[in-house]
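Below is one structure; the comments refer to it alone.
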Amino acid sequence: MSPPENTKQISLSRIKSGPLNYVVPIIQYFSSNPHPPHKVRLCSVGISHYVEKVRWGFTLSGIDYIEDAHTPGLASIATTTIDAETSATPIIKTENGQVVKDSTAILQKYCPELYPTPEVLEIEEELDKTLGPSARVFAYHHLLKPEHKNLMSDLATRETSIIETILFKMMVNRNLIQPGMKKFMCISSETALESQSEIEGIFETYSKRLETSPYLAGDAFTAADVTFCALSSPLLSPSQFDDLSADPATFPTELIEMREKLRATPAGRHVVRCYNEYRFGRIEKGKVEKGGRKMVQILSGKRDRWGVIGLVIAAPLVGFAAMLN
């Protein structure tokens with residue numbers, strides 16, 4: 001099975017020697033990477049379910065953070081400025097400049113209360129290696145089909161910079177980024193079928209577990225539940241994602257059918273319940289307290305260099321006006 005977060009890493013040296021090197025100066029010229037003082041910077045692929053896992057943990061712990069959201073593929077330009085050897089997201093840079101990679105490591109650092117027993121970490125790591133990659137392969141396989149170009153572009157560019165949004169949509173429309181995403185994430189018709197089978201098996205396993213326990217690792221909500229629910233979110237589309245999603249009717253038929261099938265299982269109902277009760281909860285005195293229903297948001301900072309954008313737009317207008325005089 002593929003490793004968690006990303007299947008293959010892109011280093012800074014590889015970016016400099018490949019086609020992305022031509023894109024780097026354009027993105028850096030028109031945008032910046034936000035990191036205000038006294039805030040954690042979460043560098044992300046906005047639609048990543050591993051990133052959602054970290055967002056959930058930060059919400060529970062009340063961490064003051066800002067999200068530096070990027071599109072698939074182009075995110076490596078930002079992540080390699082934090083760690084030259086990795087294109088994996090999520091990756092964070094703390095207020096003190098410390099770098100932490102991997103969703104599980106981040107959750108352990110900021111939400112130790114979510115790990116009351118060793119079993120919790122065992123479940124989390126197993127889901128990271130199985131459910132996470134399988135959900136990613138299955139979802140992307142169908143979203144990357146030509147007939148879903150617009151949907152893929154819209155989902156992937158939520159709260160990204162203007163220049164990155166333009167570049168990503170252009171690359172998707174010209175089928176420039178899809179081959180690379182399929183290659184680096186090991187996406188094919190065969191792996192999509194294997195992933196579908198694995199997803200269904202995982203939900204069957206945890207449905208049985210939930211017959212004897214209200215949560216995945218005992219009688220309390222833990223990191224095991226956060227992980228299972230967050231990594232399942234692209235498959236079940238909880239209502240908390242409505243602001244970041246699109247019209248459900250526009251999604252590939254295969255994803256709609258999978259969503260309905262999984263929601264009908266005890267494990268699927270557990271995901272919906274946990275999102276309703278705990279997605280906006282708070283850790284109080286070592287225990288997770290329930291919270292109200294809200295919408296998941298990408299808490300993005302200012303990244304567009306409007307002065308530069310304005311000059312680029314104004315320059316041809318000024319030139320045209322001069323020609324008329």
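Side chains included, hydrogens not; waters and symmetry mates left out as well; all remaining heavy atoms used. Along the sequence shown, the residues carry numbers beginning at 1. Computed from a predicted model, the values in this text were never measured in an experiment.
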What is the minimum heavy-atom distance between [X] and [Y], and which atoms define it?
{"X": "G57", "Y": "L107", "result": "CA-CD1, 3.6 Å"}
{"X": "P90", "Y": "V54", "result": "CG-CG2, 3.6 Å"}
{"X": "D68", "Y": "A78", "result": "OD2-CB, 4.3 Å"}
{"X": "F221", "Y": "L114", "result": "O-CD2, 4.2 Å"}

Classify the ring geometry between F228 and F203 as parallel (under 30°), tilted (30 to 60°) or perpendicular (over 60°). tilted
Over 12 non-hydrogen atoms of neighbours within 6.0 angstrom of NZ in K101: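 At most 12 heavy atoms, drawn from other residues, nucleotides or ligands, come within 6.0 Å of this atom.
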Just so I know, are the side chains of Y215 and T222 near enough to count as touching, which here means a heavy-atom distance under 4.5 Å?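 Y215 does not reach T222 side chain to side chain.
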Min side-chain heavy-atom separation V45-Y50 under 4.5 Å: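 A side-chain contact is absent here, since even the closest heavy-atom pair is not under 4.5 Å.
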Which residue pairs pass the ring pair (Phe, Tyr, Trp, His ring centres under 6.0 Å) test with at least one member in residues 91-137, sequence neighbours excluded? F58-Y110
Is it the case that the side chain of H70 and the backbone of C43 share a donor-acceptor pair, with hydrogens and angles ignored and the cut-off at 3.5 Å? no
Applying side chain to side chain contact (heavy atoms under 4.5 Å, CB included), can you list everything that pairs with [X], at least two apart in sequence or on another chain?
{"X": "K290", "result": "E277, Y278"}
{"X": "N173", "result": "K149, N150"}
{"X": "L193", "result": "Q196"}

Residue pairs, two or more places apart or on separate chains, that pass side-chain hydrogen bond (donor to acceptor under 3.5 Å, both in side chains) and touch residues 243-263: E200-K261
K129 with E125: basic N within carboxylate O range, under 4.0 Å: no
Check this for me: does any side-chain nitrogen of one of E67 and R55 sit under 4.0 Å from a carboxylate oxygen of the other?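 So E67 pairs with R55 through a salt bridge.
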Could you tell me the separation between the CG atom of L74 and the CG atom of L167, rounded to the nearest 0.5 Å? 6.5 Å
What residues, two or more places apart in sequence or in another chain, satisfy salt bridge (Lys or Arg N to Asp or Glu O under 4.0 Å) together with R209?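 Here the qualifying residues are E119.
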